[in-house]
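Below is one structure, written out as structure tokens; comments come after it.
The model shown is predicted, which means the values in this text are computed figures rather than measured ones. Remember, it's 1-based here, ligands and their atoms both numbered in the order they're listed.
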Amino acid sequence: MRKNIVAGNWKMNNDLGATATLITALKQKKNEGNAEVIIAPTFVNLYSAFDSLSDSNITVAAQNMHQAESGAYTGEISAGMLKGIGVDTVILGHSERRAYFHESDELLAQKVDSALKNNMRIIFCFGEELEDRKAGKEENVVGSQLKNALFHLDASAWSNIVLAYEPVWAIGTGETASPEQAQDMHAFIRKTVAEKYNSDVAENVSILYGGSVKPANAKEIFGKPDVDGGLIGGAALKADDFFDIVNAFA
Ligand code: 13P
């Protein structure tokens with residue numbers, strides 16, 4: 001049975017002090033539902049976040065990683081290094097990484113392989129741009145993002161994959177996909193996974209929605225049958241808002 005998950009992608013926000021303050025506030029909150037809670041602080045603050053959350057049920061994830069195990073890649077961080085500090089979940093393929101750091105599907109396939117080789121769980125992000133949706137091409141785009149980065153995997157690898165559908169036009173814009181738009185795309189994604197693998201893989205993979213999720217719209221979006229939670233940006237930076245979203249599952 002697939003899990004409900006609410007993950008906070010902090011992006012490039014919160015220094016060491018702000019990370020500690022937000023974590024203290026998050027630890028005081030009660031998870032009243034059944035969703036796993038994940039936060040993804042910046043690389044430099046991952047270990048302190050992991051350490052302060054060791055006595056809680058909140059999981060810490062990285063926002064990115066390099067595909068190589070080690071070597072001359074100045075400024076980069078490997079899966080093994082993340083595992084070494086206790087972090088075993090990584091977000092890959094975020095649209096900001098695709099757009100600003102030119103991460104292609106092919107590169108992402110390599111990152112996926114490296115993460116899985118290191119027994120990490122992946123929150124794999126993908127989603128169409130506004131022009132794609134206007135042109136009615138959103139399913140083509142999403143289908144090929146999935147296929148190019150993930151469909152080389154064996155069915156067994158999918159127990160470590162979480163999908164996060166994030167339509168680019170809804171990220172940080174205040175414009176959310178309607179619950180129906182999210183449901184339609186999630187159902188398409190699940191069907192595409194079922195066609196490639198089998199219904200077991202498709203029914204067991206959690207598919208999160210991301211893009212301007214807020215306390216005011218979380219319950220309706222998460223209420224859709226193929227939406228298994230959210231990847232939250234801006235609203236994850238406030239403990240009250242984030243836990244109001246987490247408790248949309250209560
Ligand atoms: P917002 O919730 O700020 O729109 O960001 C979504 C996102 O990009 C999460 O990864």
Side-chain angles (χ1 to χ4, degrees), residues 4-14 18-19 22 26 35-43 45-46 49 58-65 87 89-103 108 111-112 115 120-130 132-133 138 141-142 145-146 149-150 161-179 181-182 185-186 189 206-222 224 227-249:
N4 293 321
I5 298 173
V6 176
N9 174 9
W10 290 9
K11 308 191 180 183
M12 197 172 74
N13 292 295
N14 293 333
T19 298
L22 182 48
L26 292 173
E36 178 184 355
V37 178
I38 301 178
I39 60 163
T42 57
F43 278 137
N45 297 314
L46 275 181
I58 300 178
T59 306
V60 174
Q63 298 175 16
N64 177 36
M65 51 164 255
V87 171
T89 302
V90 63
I91 297 172
L92 292 177
H94 194 279
S95 63
E96 289 148 17
R97 303 275 339 153
R98 293 175 189 261
Y100 308 143
F101 303 98
H102 314 295
E103 294 197 1
L108 290 168
K111 292 192 177 201
V112 163
M120 295 188 77
R121 174 173 57 161
I122 297 162
I123 300 176
F124 185 80
C125 306
F126 56 112
E128 82 284 0
E129 314 230 3
L130 187 58
D132 302 323
R133 186 161 278 267
E138 64 273 18
V141 170
V142 161
Q145 287 171 327
L146 264 180
L150 296 177
I161 304 285
V162 172
L163 298 176
Y165 167 60
E166 298 204 306
V168 179
W169 48 271
I171 296 178
T173 57
E175 183 164 351
T176 322
S178 68
Q181 283 173 319
M185 185 57 90
H186 284 220
I189 293 165
S206 299
I207 309 179
L208 316 184
Y209 167 79
S212 300
V213 178
K214 311 181 254 295
N217 59 24
K219 213 174 177 78
E220 210 188 340
I221 298 173
F222 298 170
K224 293 293 179 190
V227 180
D228 308 309
L231 183 56
I232 320 300
L237 300 174
K238 293 197 184 114
D240 287 348
D241 286 357
F242 187 55
F243 262 78
D244 283 350
I245 294 170
V246 168
N247 288 329
F249 279 110

Is any N or O atom of [X], backbone or side chain, closer than 3.5 Å to an N or O atom of ligand 1?
{"X": "Ile232", "answer": "no"}
{"X": "Gly234", "answer": "yes"}
{"X": "Lys11", "answer": "yes"}
{"X": "Ile171", "answer": "no"}

Quiz prompt | Close approach of Ala235 to ligand 1, heavy atoms, under 4.0 angstrom | solution = no
Practice problem: Report yes or no: does a heavy atom of Ser212 sit under 4.0 Å from some atom of ligand 1? | Solution: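 So Ser212 counts as touching ligand 1.
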Quiz item: Would Glu166 and His94 count as having a side-chain donor-acceptor pair, cut-off 3.5 Å?
Solution: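 Checked: Glu166/His94 side chains pair up, N/O donor to acceptor below 3.5 Å.
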Quiz item: Strictly by modelled atom types, are Trp169 and Glu128 linked by a side-chain donor-acceptor pair under 3.5 Å?
Solution: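 Side-chain D/A pair, Trp169 to Glu128: present.
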Quiz prompt | Lys/Arg N to Asp/Glu carboxylate O, Arg121 vs Glu36, below 4.0 Å | solution =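 Yes, charged N to carboxylate O under 4.0 Å.
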Quiz item: Heavy atoms, side chains only, cut-off 4.5 Å: are Asn14 and Pro41 in contact?
Solution: no
Quiz item: Do the side chains of Val6 and Phe242 get nearer than 4.5 Å, heavy atoms only?
Solution: yes
Exercise. Could you tell me which atoms of ligand 1, counted from 1 in the order shown, lie closer than 4.0 angstrom to a heavy atom of Gly172?
Key: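 This gives 1 (P), 3 (O), 4 (O) as the contact atoms.
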Quiz item: Taking all non-hydrogen atoms of both residues, which atom of Glu96 and which atom of Ile171 are closest, and how far apart?
Solution: OE2-CG2, 3.6 Å
Quiz item: Considering only protein heavy atoms, which is closest to atom 9 (C) of ligand 1, and at what distance to one decimal place?
Solution: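 The closest one turns out to be Glu166 OE2, 2.9 Å.
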Quiz item: Closest non-hydrogen protein atom to atom 2 (O) of ligand 1, residue and atom name please, with distance?
Solution: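 Ranking protein heavy atoms by distance from atom 2 (O) of ligand 1, first comes Gly233 N, 2.9 Å.
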Exercise. Could you walk me through whether Glu129 and Val141 pass side chain to side chain contact (heavy atoms under 4.5 Å, CB included), step by step?
Key: CA-CA 9 Å; Glu129 314 230 3; Val141 170; over 6 Å; no
Self-check item: Per-residue contact class, Ala170 against ligand 1 - non-hydrogen pairs under 4.0 Å
Solution: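 For Ala170, only backbone atoms sit under 4.0 Å from ligand 1.
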